[in-house]
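By convention in this document, chain letters (A, B, ...) are assigned in the order of the sequence lines, proteins followed by strands, and residues within each chain are numbered from 1.
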Number of protein chains: 2
Amino acid sequence: MSTKKSKKLDLILEEAAKLFRQKGFAGTSMRDLAERIGIDAASMYHYISSKDELLRTICFNISNTYISQLAEIEQTEATYAEKLKALVRLHIRIMIAKSAEVSVTNNDWKYLAEDSLSRFKEQRKKYERGVAALLEKGVAAGEFQAVNTSVALFTILSAVRWVELWWRPGREISTEELENSIITILFKGLEK
Amino acid sequence: MSTKKSKKLDLILEEAAKLFRQKGFAGTSMRDLAERIGIDAASMYHYISSKDELLRTICFNISNTYISQLAEIEQTEATYAEKLKALVRLHIRIMIAKSAEVSVTNNDWKYLAEDSLSRFKEQRKKYERGVAALLEKGVAAGEFQAVNTSVALFTILSAVRWVELWWRPGREISTEELENSIITILFKGLEK
DNA sequence: GTCTATAGGCGGATAGAC
DNA sequence: GTCTATCCGCCTATAGAC
């Protein structure tokens, strides 16, 4: 019974992410969502306490995934270039595995309520600082060109962000080719 | 008098873009906007016909700017690498000149009404095809590495997109340094 | 657990006075 | 041109029956 409840909650979260991506958090009503689930809007409040809770759960699930994966990479023995490349590959994989959730987190985090919003921003800042540190150490170690750290940071993070806008299951391009192409452009450059 | 009306309309559009960026199109009410302008919500309907019109105007202004600038670049005599770099610089400049408008266009285009939405998507597709053609010709001419065209296309477009999320007037980094850093990463690569 | 009914609020937009 | 007043619809969320 508690299992059943979890299953349904998972379904609600999954459909919520899909709808939020499609129509935006503010553009999605609980009635829309309920219709997808096949119950009445009022019945959903048996599983959740508010619409905000849905967004909060989605955003922090993704945010926490990023943070714990960065922590894992930091602990490995590898060059900074290897660590950064591993991070890029992980970003792409998370996006493919949870494309709707990532999309919502990227675009609708601003609709988080006061408390969660500031917590979310803090986490994101912390994550960005972690990646920036990898870049700076890489430059110090002579592995990277001496470009502006912030610019490099956001160029990398953005270069993986678009995958969410573009990738759909069954695309003719494989995950591996996708990862390799992005890494080639970012680390070796487009120009011959 | 028609000048006065234009001036106020421009002000409304400008404040609308700022608010939409901050709180999202759906999260912004006409009452919010009116307060910024210093008049009552009802009075704004003297200048505009609907909230939708504001979004439509913002999105198509930006979209048209991109398209006409691509057309100009296509006509120049230059290598494909030079054309692409010029395009990247223009993207960055538009973003700095009209950061709120670009932000809204990037994030809230999905709230466009039926008709405008499909027109907008068509324009975007057309633009993307134009940039993709530059890439493909560049590969054919031996200027670029033979990476997947779509991946290269979206990596470039995304790499300039983040500027909108990050750049603020008075940042310690100059426009030139910003442009040069992004172009270095994209075309020469991060790795030494 | 799911429903019907509905409270209560906010939103876009209009009517019409001044 | 700007206001006040207001319509009307949609929204989130709750109450309470079954």
Side-chain angles (χ1 to χ4, degrees), chain A residues 1-59 104 108-117, chain B residues 1-59 104 108-117:
Chain A
M1 38 213 90
S2 109
T3 340
K4 249 187 187 168
K5 181 166 168 178
S6 280
K7 280 277 159 60
K8 198 114 185 192
L9 176 58
D10 287 348
L11 178 64
I12 290 173
L13 281 167
E14 205 181 306
E15 290 300 319
K18 284 185 202 165
L19 272 177
F20 293 167
R21 164 163 67 176
Q22 227 176 78
K23 323 210 287 175
F25 175 73
T28 303
S29 74
M30 296 300 271
R31 290 175 178 88
D32 291 339
L33 179 55
E35 200 180 7
R36 290 285 182 97
I37 306 294
I39 57 178
D40 195 273
S43 309
M44 279 195 304
Y45 288 89
H46 181 69
Y47 301 97
I48 59 159
S49 72
S50 70
K51 187 186 177 188
D52 279 5
E53 190 193 88
L54 290 173
L55 182 62
R56 208 183 319 130
T57 306
I58 292 169
C59 289
V104 171
D108 287 350
W109 58 267
K110 71 176 80 151
Y111 293 109
L112 285 167
E114 201 63 39
D115 271 17
S116 346
L117 181 61
Chain B
M1 41 213 86
S2 109
T3 340
K4 248 187 186 167
K5 179 164 169 180
S6 279
K7 280 277 159 63
K8 197 112 182 196
L9 175 59
D10 287 348
L11 178 64
I12 291 174
L13 282 167
E14 205 180 307
E15 290 300 319
K18 285 185 202 165
L19 271 178
F20 293 167
R21 165 164 66 178
Q22 227 175 77
K23 323 209 286 175
F25 175 74
T28 302
S29 74
M30 296 300 273
R31 289 171 177 87
D32 290 340
L33 178 55
E35 200 180 7
R36 290 284 182 98
I37 306 294
I39 58 176
D40 195 272
S43 309
M44 280 195 304
Y45 288 89
H46 181 69
Y47 301 96
I48 59 159
S49 71
S50 69
K51 187 186 178 190
D52 280 4
E53 190 192 87
L54 290 172
L55 183 62
R56 207 182 322 130
T57 305
I58 292 169
C59 289
V104 171
D108 286 350
W109 59 268
K110 71 176 82 148
Y111 294 109
L112 286 168
E114 201 63 40
D115 271 16
S116 347
L117 182 60

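Remark: B:Lys18 pairs with B:Glu15 by the salt bridge (Lys or Arg N to Asp or Glu O under 4.0 Å) rule, at least two apart or across chains. Applying the side-chain hydrogen bond (donor to acceptor under 3.5 Å, both in side chains) test to B:Glu53 and every residue at least two apart in sequence or in another chain returns B:Ser49. Not counting sequence neighbours, A:Arg31 has no partner by the salt bridge (Lys or Arg N to Asp or Glu O under 4.0 Å) test. By the ring pair (Phe, Tyr, Trp, His ring centres under 6.0 Å) test, B:Phe20 is found to be paired with B:Phe25, residues two or more places apart in sequence or in another chain being considered. Among residues two or more places apart in sequence or in another chain, the salt bridge (Lys or Arg N to Asp or Glu O under 4.0 Å) test is passed with A:Asp32 by A:Lys23.
Per the geometry, CD belonging to B:Glu53 stands 13 Å off C1' belonging to C:dA13, to the nearest Å. As rounded to whole Å, 12 Å separates atom P of C:dG1 from atom CD1 of A:Ile12. In this structure, B:Asp32 places its CG atom 12 Å from P of C:dC10, rounding to the nearest Å. When rounded to the nearest whole Å, the span between CD of B:Glu35 and P of C:dC10 equals 14 Å. Atoms CZ (A:Phe20) and C1' (D:dC11) sit 13 Å apart, rounded to a whole Å. With rounding to whole Å, A:Leu33 atom CG is found 14 Å from D:dC11 atom C1'. One interatomic measurement links the two molecules: CG of A:Asp40 to P of C:dC3, which rounds to 5 Å at whole-angstrom precision. If you measure from atom CG of B:Leu11 to atom P of D:dT2, you get 11 Å, rounded to the nearest angstrom.
In this model, the phosphate group of C:dG1 is not approached by any side-chain N or O of A:Lys7 to a distance below 4.0 Å at OP1 or OP2. Phosphate proximity of C:dC3 to A:Ser43: present, with a side-chain N or O under 4.0 Å from OP1 or OP2.
Using a 4.5 Å heavy-atom threshold, the side chains of A:Trp109 and A:Leu117 count as touching.
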Legend entry - Under 4.0 Å protein heavy-atom contacts per nucleotide of nucleotides 12-18 of chain D, with B for base, S for backbone only and - for none: BBB----
